[in-house]
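All ligand and atom numbering here is 1-based and tracks the order in the structure. The chain is numbered in sequence order, starting from 1. As a basis for the values below, the full set of heavy atoms in this structure was taken, side chains included, without hydrogen atoms, waters or symmetry mates.
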Amino acid sequence: MKYISTRGASPAIGFLDAVLAGLAPDGGLYVPEAWPQFTRAEMAGFAGRPYAEVAAEVLAKFAGDSIPRAVIDDMTAKAYASFSHKAVAPLTQLYDGVWQMELFHGPSLAFKDVAMQLLARLYDHALAAQGRTMTIIAATSGDTGGAAVEAFAGASHARMVVLFPEGRISEVQRRFMTTAAQDNVRAIAVQGTFDDCQTIVKAMFQDQDFRKAVDLSGVNSINWARIAAQSAYYFTAAAALGAPERPVSFAVPTGNFGDAFAGFVAKQMGLPIERIIVATNGNDILARMLSQGRYALGNVMATISPAMDIQIASNFERLYFECVGRDGSDTAEAFSGFAQTGGFDIPAGALATMRQTFTGLGVSEADTAATIASTHADTGQLIDPHTAVGIYAARTLGTDHGTTPIVVLATAHAAKFPEAVEEACGLAPALPLQAADLAARPEQFERLPADPAVLKAFIRDFAGAAA
Ligand SMILES: *Cc1c(COP(=O)(O)O)cnc(C)c1O
């Protein structure tokens, strides 16, 4: 299986090279050159199988012959053994026709663990074989950093640097990044927004000297292995609810469009997904794009679902590429233009294709808080604000046919956002056992300005690279 860039101007490369590269040299994102397929019998057979086994089946499709099957099986078994729930991604019913898939039983209590636990093992496998140590950088709106630090702390072939926007993430989120106490990890509070952090990381990748000097790699949601790992839970949830005989819909709290795009990937592989609801908070670039046909930057506003306080949905480039018939020069023009002008119109044909699968909804702060309270009143469950955005969207838009079950991706544990949950419903969620001592762990982090030169100098120094 080869991987090509959405901007059409980079050579096709293998799976592990695409994983280690993150961004393609032409600035595009890697996608498989063709979508692997599952038969209906294979998909039906996922029902009731251990999560790690289904994840291995999905990963094997994307890895092709680049990793021996026994190694893949071992990686997924170890990755998901770190979860505190034996089912890894259990489904619970909330309302008639509405389920939540609990993706928050990993070490940092957010769905990012599902991909990151696997990604760290893929890196170790690939880099050990090459005798190489890379510097991994992640800009984080909160949860990627914690998941990356939990997954890579103590890794023998990787150094980890996380950049987070100072003061814009919850204390619990911050503590998952700042308490790792491992020599190969640095957490940096950047004086700026998440989009500033993400823009700086992109610039670092475009600086070829710097990239080489520190052997830079990225594990942001643009990393192909993360998308591949996330597509696995669409299969387990759908199979549990009767797919492929019965189609299933999903409501996905979205920021960078990674998780929602993973659903599209599962659909491309044959899973009968009827609809994917793109549920955003007030940072609604994707919801506006779907309703108005224009992808246009707005101002980033701080919300109670901060992991989605994003106005540049990086993975949207992958969907655009698919929907313009995989035209790399069209995609390059649209997205390099976007970097300059902050907006472009989606061609009518592409928009129609997107709307066949996706519907968007921007959810207000008041509706998010009210959903935390109503879900608790109706079901006894405490949900986090990101999940609340998804539940509100699922209940507001429903599905095309009343009989299609809809699965809301529960992307974080309520205890990761205790202030917002308590404010909304008067109850403070307790941290689960595996994280109960978080507030007592000593913190260590740097505070630096949103200045690429300062950050690059810091990272060169950490990597032991000459300036
Ligand atoms: C990252 C994150 C999201 C958004 O996921 P994307 O893949 O960036 O769309 C939603 N909820 C939580 C809790 C997150 O950490």
query = More than 12 non-hydrogen atoms from neighbouring residues, nucleotides or ligands closer than 6.0 Å to CD on Q191, yes or no?
reply = yes
ask   = Does atom CD of E423 have more than 12 heavy-atom neighbours from other groups under 6.0 Å away?
value = no
message = So that I know where these two stand, are F358 and F257 an aromatic pair - ring centroids less than 6.0 Å apart?
response = yes
key: side chain to side chain donor-acceptor pair (under 3.5 Å) contacts touching residues 369-379 (sequence neighbours left out)   = Y95-D378
task = Determine, stepwise, if the pair R211 / D207 fulfils salt bridge (charged side-chain N to carboxylate O under 4.0 Å, His left out).
result = CA-CA 6 Å; R211 190 173 172 163; D207 178 343; over 6 Å; no
task = Determine yes or no for a side-chain-to-main-chain donor-acceptor pair under 3.5 angstrom, with D113 supplying the side chain and S108 the backbone.
result = yes
N/O pairs closer than 3.5 Å, ligand 1 and protein:
from	atom 1	to	atom 2	distance (Å)
ligand 1	7 (O)	G258	N	3.2
ligand 1	7 (O)	D259	N	2.9
ligand 1	8 (O)	N256	N	2.9
ligand 1	9 (O)	G255	N	2.9
ligand 1	9 (O)	N256	N	3.2
ligand 1	9 (O)	F257	N	3.1
ligand 1	11 (N)	T411	OG1	2.8
ligand 1	15 (O)	K112	NZ	2.6
ligand 1	15 (O)	D143	OD2	2.5

